[in-house]
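All values below come from the heavy atoms of this structure, side chains included, with hydrogens, waters and symmetry mates left out. Predicted, not measured: the structure shown is a model, and the values here were computed from it. Note on naming: letters A, B, ... go to the chains in the order of the sequence lines (proteins, then strands), and numbering restarts at 1 for each one.
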Amino acid sequence: MLDSKKLRKETELVIQNLSRRGFNFDFKKWENLELQRKELQAFNENQQSKLNDISKEIGLAKKESNDTSKLQKEASMLTAEIKNQTKQLDQLLMQINEFVMSLPNLIDTDVPDGKDETENLEIRKCGSPKEFDFTPKDHLELGENRGIDMEAGVKITGSRFKVLRNDIAHLQRALLNLMIDTHVSEHGYEEVYVPYIVNEDSLLGTGQLPKFEEDLFKLEGKNNFYLTSTAEVPVTNLFRDEILDSEILPVKYVCHTPCFRSEAGSYGKDTRGIMRLHQFEKVELVQAVESSDSDDALEELTGHAEAILRKLDLPYRVVSLCSGDIGFSSAKTYDLEVWVPSQSSYREISSCSNFRDFQARRMKARWRSKQDKRTELINTLNGSGLALSRTVLAILENFQEADGSITVPDALRDYLGKDRILST
RNA sequence: GGAGAGGUGGCUGAGUGGUUGAAAGCGCUCCCCUGCUAAGGGAGUAUAGGGUAAUCCCCUAUCGAGGGUUCGAAUCCCUCCCUCUCCGCCA
């Protein structure tokens, strides 16, 4: 959520910034609503103040057994009036809230301009794609009948679900442990475990709602529960309605969860194998920092995700998402893209974003310094460190041998207990 | 799932219709006193929105959430959420 004071004072800047996303900000509408709100609210509060005074007077008069019928009559009228105004005000507030909640975050000045993912800016490349002296297979050719069981997923649930077996299930678990261990012991994150079902408030807090409900799986029942689409939601919401002491900042959490995404609107995209599924595992990094630290924190967090790719000797590149591709809540996003030999291209395996105070304002997540007692919104960041299914995919494809076996990357050997898998 | 109790400020905990944003205690901050990290005295100590340039000041809201009764509700009524105890079921 954007700061309404900023909307008022730096209107031009906001309009310009949002237009870089291709977002058309209807300032006239907002200004109109705000003006009405301000007037009505000021008047209403004034009336309320009067009523409060009269009520106190009545109280005092009754104590001394004086006649209060005249005052009560006056108060009755005021009460009716206020009730009426409040109804109008509430309606207005709902409209304003709806409007403001659907505004995306402002993007940083160094976010490249562009209309879609084709115009994302490559920042750096690390490692180089391995040359194969045979035609590399794709991950499904490698894993089919040997641990990646798409048919079983379809039988149990439906399309876009998978079953993993044996070495490949083990590989995923080994990766999971490597990632969490690394982030905890080398990068200073605290491990957390959270619910996989989240409520509406949590989704509003991080920005998945109200605009992106079609991406989510909603549960039946009156509770308005959803399956979590990313650990970002439950983990970042740990800060909701909290005031953190400045000494504990930055707070850094690492968390593994499955992620459930309806993938509505992605029909026909990545239909083969485990690239894009309704359920996948992910290790997520989340940070809460002071606003002055969030630029550095994004670089740091991105580096933490990269460290995993480096450990695994996977070739990747870092791109800065352009203004047309960047997410709704994000001010700046780096995607990490891993080399996928079968597609001869880099594919997203992590997305690291700085949300500045956008989520914090929605969640009322603040911090307070010891010296001056003022509260300030925290800045939140998160990034995948990494998406597990795609890491499994990348390892299978990048470390395949001519005979279809997979050489296990050094960093993983202790976790897996072998240096080669799928050697039939 | 059944029966009962309860949800008040950083914490403990008073408060069943009237100057209560809320007693008291603890904690915390600042000051005073005190010849030694003890004791005592004083002041302060929620969040958000609006008026404002303002972290002073003024107004409004908030005692789990939402609605209702009333001139006036932390206090009465209704619905929901959550916590605790006992029983049942269960990994």
Side-chain angles (χ1 to χ4, degrees), chain A residues 1-11 30-101 193 195-205 219-226 234 237-248 290-292 357 359-378:
Chain A
M1 191 159 65
L2 299 179
D3 181 10
S4 46
K5 280 183 185 159
K6 189 171 183 125
L7 285 178
R8 249 175 265 143
K9 286 180 195 155
E10 299 169 53
T11 311
W30 180 80
E31 190 184 36
N32 192 18
L33 287 170
E34 263 296 289
L35 281 173
Q36 281 185 65
R37 193 218 90 229
K38 199 181 253 183
E39 193 181 342
L40 198 53
Q41 183 175 339
F43 185 67
N44 205 20
E45 284 181 359
N46 210 309
Q47 301 285 83
Q48 185 66 51
S49 178
K50 265 193 225 165
L51 177 62
N52 289 347
D53 287 345
I54 295 175
S55 295
K56 273 178 196 168
E57 240 182 281
I58 292 172
L60 287 173
K62 284 216 160 158
K63 230 174 219 170
E64 291 166 28
S65 323
N66 291 333
D67 177 43
T68 59
S69 57
K70 204 173 153 192
L71 281 172
Q72 289 203 27
K73 211 172 203 176
E74 196 183 336
S76 282
M77 279 165 63
L78 253 180
T79 304
E81 207 178 317
I82 290 171
K83 219 172 222 175
N84 191 21
Q85 287 160 9
T86 305
K87 222 177 251 171
Q88 288 178 52
L89 184 61
D90 285 347
Q91 239 169 9
L92 208 52
L93 287 173
M94 260 171 60
Q95 282 182 60
I96 290 172
N97 188 47
E98 205 175 306
F99 183 85
V100 175
M101 286 294 269
Y193 170 86
Y196 302 158
I197 293 173
V198 294
N199 63 31
E200 229 171 353
D201 285 342
S202 295
L203 289 159
L204 285 166
L219 301 184
E220 291 274 340
K222 58 184 173 182
N223 273 322
N224 288 330
F225 285 162
Y226 295 79
N237 272 281
L238 287 169
F239 304 123
R240 174 151 52 89
D241 294 319
E242 298 289 333
I243 300 179
L244 308 172
D245 283 335
S246 60
E247 301 96 272
I248 70 165
E290 296 180 21
S291 57
S292 55
D357 60 12
Q359 295 180 325
R361 187 169 291 105
R362 291 176 163 230
M363 300 196 274
K364 296 186 180 66
R366 293 149 294 173
W367 65 277
R368 191 204 309 272
S369 73
K370 261 263 156 76
Q371 295 91 354
D372 82 74
K373 297 173 184 170
R374 203 165 151 61
T375 60
E376 196 185 318
L377 293 167
I378 59 170

(message) When the P atoms of B:rG64 and B:rA74 are compared, how many Å lie between them, rounded to an integer?
(response) 10 Å
(request) For residues 36-45 of chain A, pull every pair meeting side-chain hydrogen bond (donor to acceptor under 3.5 Å, both in side chains), keeping only residues two or more places apart or in separate chains. (result) A:Glu34-A:Arg37, A:Arg37-A:Gln41, A:Gln41-A:Glu45, A:Asn44-A:Thr86
(message) Using side-chain heavy atoms (C-beta onward) and a distance below 4.5 Å, is A:Met101 in contact with A:Arg362?
(response) yes
(request) Can you measure from NZ (A:Lys87) to CG (A:Asp90) and round to the nearest 0.5 angstrom? (result) 10.0 Å
(request) For A:Arg37 and for A:Ser55, find the nucleotide of RNA chain B with the closest heavy atom, then tell me which residue's nucleotide is more 5'. (result) A:Ser55
(request) Tell me the stems RNA chain B sits in, counting at least three consecutive Watson-Crick or G-U wobble pairs, each under 3.5 Å on both distances. (result) B:1-7 with B:81-87, B:10-12 with B:24-26, B:27-32 with B:40-45, B:46-51 with B:57-62, B:64-68 with B:76-80
(request) Identify which nucleotide among B:rC71, B:rA54, B:rU19 has an atom closest to any side-chain atom of A:Lys9, counting heavy atoms from C-beta outward. (result) B:rA54
(message) Give me the atom names and distance for the closest heavy-atom approach of A:Asn237 to A:Ser202.
(response) ND2-O, 2.8 Å
(request) Taking the side chain as every heavy atom from C-beta outward, state whether A:Leu219 and A:Tyr226 have any atom pair closer than 4.5 Å. (result) no
(request) Describe the nucleic acid contact of A:Ile54 in one word from base, sugar-phosphate, nothing, applying a heavy-atom distance below 4.0 Å. (result) nothing
(message) Measuring from atom CH2 of A:Trp367 to atom CZ of A:Arg374, what distance do you get when rounded to the nearest 0.5 angstrom?
(response) 10.5 Å
(request) Go through residues 77-99 of chain A and report each residue with a non-hydrogen atom lying under 4.0 Å from RNA chain B, sorted by number. (result) A:Thr79, A:Lys83
(request) Return the set of residues passing side-chain hydrogen bond (donor to acceptor under 3.5 Å, both in side chains) with A:Asp245 (not counting sequence neighbours), or none when no residue passes. (result) none
(request) May I have the distance from A:Asp241 (atom CG) to B:rG9 (atom C1'), rounded to whole angstrom? (result) 16 Å
(message) Looking at A:Glu10, I'd like to know if its CD atom is crowded, meaning that more than 12 non-hydrogen atoms belonging to other residues, nucleotides or ligands lie closer than 6.0 Å.
(response) yes
(request) Heavy atoms under 4.0 Å is the rule here; annotate nucleotides 58-65 of chain B 5' to 3' with B where the base is hit, S where only the sugar-phosphate is, and - elsewhere. (result) -BSS----
(request) Could you tell me whether the side chain of A:Leu71 reaches within less than 4.5 Å of the side chain of A:Glu74, counting heavy atoms only? (result) yes
(message) Going by side-chain hydrogen bond (donor to acceptor under 3.5 Å, both in side chains), name the residues that satisfy it together with A:Ser49, two or more places apart in sequence or in a different chain.
(response) none
(request) Starting at atom NZ of A:Lys56, determine the distance to atom P of B:rU19, rounded to an integer number of angstrom. (result) 9 Å
(message) Check this one for me: any side-chain N or O of A:Lys38 less than 4.0 Å away from OP1 or OP2 of B:rG51?
(response) yes
(request) Kindly give the heavy-atom pair with the smallest separation between A:Leu2 and A:Arg361, and that separation in Å. (result) C-NH1, 3.6 Å
(request) Would you please confirm or rule out a distance under 4.0 Å between OP1 or OP2 of B:rG10 and any side-chain N or O of A:Arg368? (result) no
(message) Is there a side-chain contact between A:Arg8 and the phosphate of B:rG50, meaning an N or O under 4.0 Å from OP1 or OP2?
(response) yes
(request) Could you say whether A:Gly59 or A:Lys5 is positioned toward the 5' end of RNA chain B, judged by the nucleotide with the nearest heavy atom to each? (result) A:Gly59
